[in-house]
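Each chain gets a letter, A, B and so on, in the order the sequences are listed, and its residues count up from 1.
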2 protein chains.
Amino acid sequence: MTQARRQDDRKRQARGEQRISQILDAAADRFATLGFAATTTNAIATTAGISPGSLYQFFADKDDIARALSERYLGLLQEAHGEAFTPDIATLPLPTLIDRTVDPLIAFNLTHPGFQALLADPTTPPHVSEAKKPLHTAMLTRIDTILSTHAPHLTPATRHRAAEVVIGIFTTLLRMILAAPAHERPPLITDLKQALNGYLGPLVDNRG
Amino acid sequence: MTQARRQDDRKRQARGEQRISQILDAAADRFATLGFAATTTNAIATTAGISPGSLYQFFADKDDIARALSERYLGLLQEAHGEAFTPDIATLPLPTLIDRTVDPLIAFNLTHPGFQALLADPTTPPHVSEAKKPLHTAMLTRIDTILSTHAPHLTPATRHRAAEVVIGIFTTLLRMILAAPAHERPPLITDLKQALNGYLGPLVDNRG
DNA sequence: AAAAAATACGAGCGATCGCTCGCATTCGAT
DNA sequence: ATCGAATGCGAGCGATCGCTCGTATTTTTT
């Protein structure tokens, strides 16, 4: 009963923070391989090299792990995109813009395979999906912002829908890219960009 | 031990076939709502109005139900497409072709919400995915055939990859369409067609 | 050094779920 | 009418999994 109050950091963190990091690493590894539902908490503990009991010293429940991992990825993503998302990109022509955003995102996902699992795995129960929302929202906001520059004539509702569609296409192709052997990835990445260009093109410079 | 030998039809089928149909209806309903993994066999039995034991009189296990449902959908799909897939469609211009294939498929999925669940639910264990393969293959073959008419210059590998991409895009947008309230569907369907046109356009009439 | 707090362990509880088993009932054929 | 096969039932077995609890060890505080 005295366990897993993680919102307050009482004392002692040298070991603790390290354990938390180990656990999140292990969870990312397992989620990426098996998805959320199929991943056992004991498997996370074993992968992290600790006992089930220790795991719950730092996390309230399985969902809490997904939540924390989601936050970690959100931080990593913003950090990795500070560079790729300089203000000038919004003014670039569409194909260049897509190149400059898709490539880093693919690279990020290849480095962090658990990200896609959290973002897109429909295996996650509803209340955990709440935890993924910040991730989804972060991407959505970014796309929405870009669209409002490139296609200012769109209504907010249309823009929002287009952003959701873009995320959907990106997510699906990303899953195929991650699942494919390395040598099949380049053409798939090209296809992804082509699909995004093909979808967004008419939206951006429409009504000629 | 005497149960669930369904490959042989011994005697008695008036009741049996009816029960099987009931069970498949129930399974489709539950799969569509909760997905495969989250659906309880007892819930399927309850929805079908029978006991768990009776369910296993006709199906070897949970996977077997998915397998049978998959076959049923395959039959329904071919039946529903006998009309939409007349030989002349391959000669139509791309936008018209997409209209003529997407619309019936959307309609089919609105009528049979379980179809999308089986086709795209990553919740299904690997050995059940085998059962979905005929469905996937059926769609893939159709698209591949169309592409070989419309883009004969593509290599088989490229054509195959394009077909997979098309299925991916279609499946994702379809999920969004099914999840959306009715009044948001028409614009999403338009977006789906636009995405397919945008992606396939350069492939079809490329190298001008 | 002693006390308190934090970390660690791992057997196993409780709940869920796929599936079974023994038996009852209904149907079709003779 | 009778009998065997097909269909039906539902309590509950066995396995899995998230999570807990009592306890042991390590680290920080005083």
Is [X] close enough to [N] that one of its side-chain N or O atoms is under 4.0 Å from OP1 or OP2 there?
| X | N | value |
| --- | --- | --- |
| Ser51(A) | dC9(C) | yes |
| Arg15(B) | dA6(D) | no |
| Tyr56(B) | dC19(C) | yes |

Sequence neighbours excluded - salt bridge (Lys or Arg N to Asp or Glu O under 4.0 Å) pairs with any residue from residues 102-116 of chain B: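 Salt bridge (Lys or Arg N to Asp or Glu O under 4.0 Å) check on residues 102-116 of chain B returns Asp103(B)-Lys193(B).
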Write out all pairs satisfying salt bridge (Lys or Arg N to Asp or Glu O under 4.0 Å) with one or both partners inside residues 131-149 of chain B, taking only residues at least two apart or from two chains. Glu130(B)-Lys133(B), Asp144(B)-Arg159(B)
Could you work out which one of [options] sits closest to the side chain of [X]?
| X | options | answer |
| --- | --- | --- |
| Gln57(B) | dG10(D), dC19(D), dT7(D) | dT7(D) |
| Phe58(A) | dA11(D), dA8(C), dC19(D) | dA8(C) |
| Arg19(B) | dC19(C), dA11(C), dG8(D) | dG8(D) |

For Arg161(A), what residues pass the side chain to side chain donor-acceptor pair (under 3.5 Å) criterion, not counting sequence neighbours?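 Result, side chain to side chain donor-acceptor pair (under 3.5 Å) vs Arg161(A): Asp191(B).
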Rounded to whole angstrom units, what separation is found between the [atom1] atom of [X] and the [atom2] atom of [N]?
| X | N | atom1 | atom2 | value |
| --- | --- | --- | --- | --- |
| Lys62(B) | dC19(C) | NZ | C1' | 12 Å |
| Glu17(B) | dA6(D) | CD | C1' | 13 Å |
| Asp63(A) | dC19(D) | CG | C1' | 12 Å |
| Ile50(A) | dA24(D) | CD1 | P | 21 Å |
| Ile65(B) | dC17(C) | CD1 | C1' | 13 Å |

Assign the ring pair Phe31(A) / Phe36(A) to parallel, tilted or perpendicular, where the plane angle (0 to 90°) is split at 30° and 60°. tilted
Does anything in residues 23-48 of chain B reach DNA chain D, meaning a heavy atom under 4.0 Å, and if so which residues? none
Contact class for Leu55(B) vs. all strands (heavy atom < 4.0 Å): base, sugar-phosphate, or nothing? nothing
Going by ring-ring contact (aromatic ring centres under 6.0 Å, His included), name the residues that satisfy it together with Phe170(B), two or more places apart in sequence or in a different chain.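 With neighbours one apart ignored, the set is empty.
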Counterpart residues, side chain to side chain contact (heavy atoms under 4.5 Å, CB included), relative to Ala195(A) (two or more places apart): Ile169(A), Ile169(B), Tyr199(B)
His150(B) and its side-chain contact (heavy atoms from CB on, under 4.5 Å) partner, picked from Leu203(B), Val204(B), Leu92(B), Leu200(B): Val204(B)
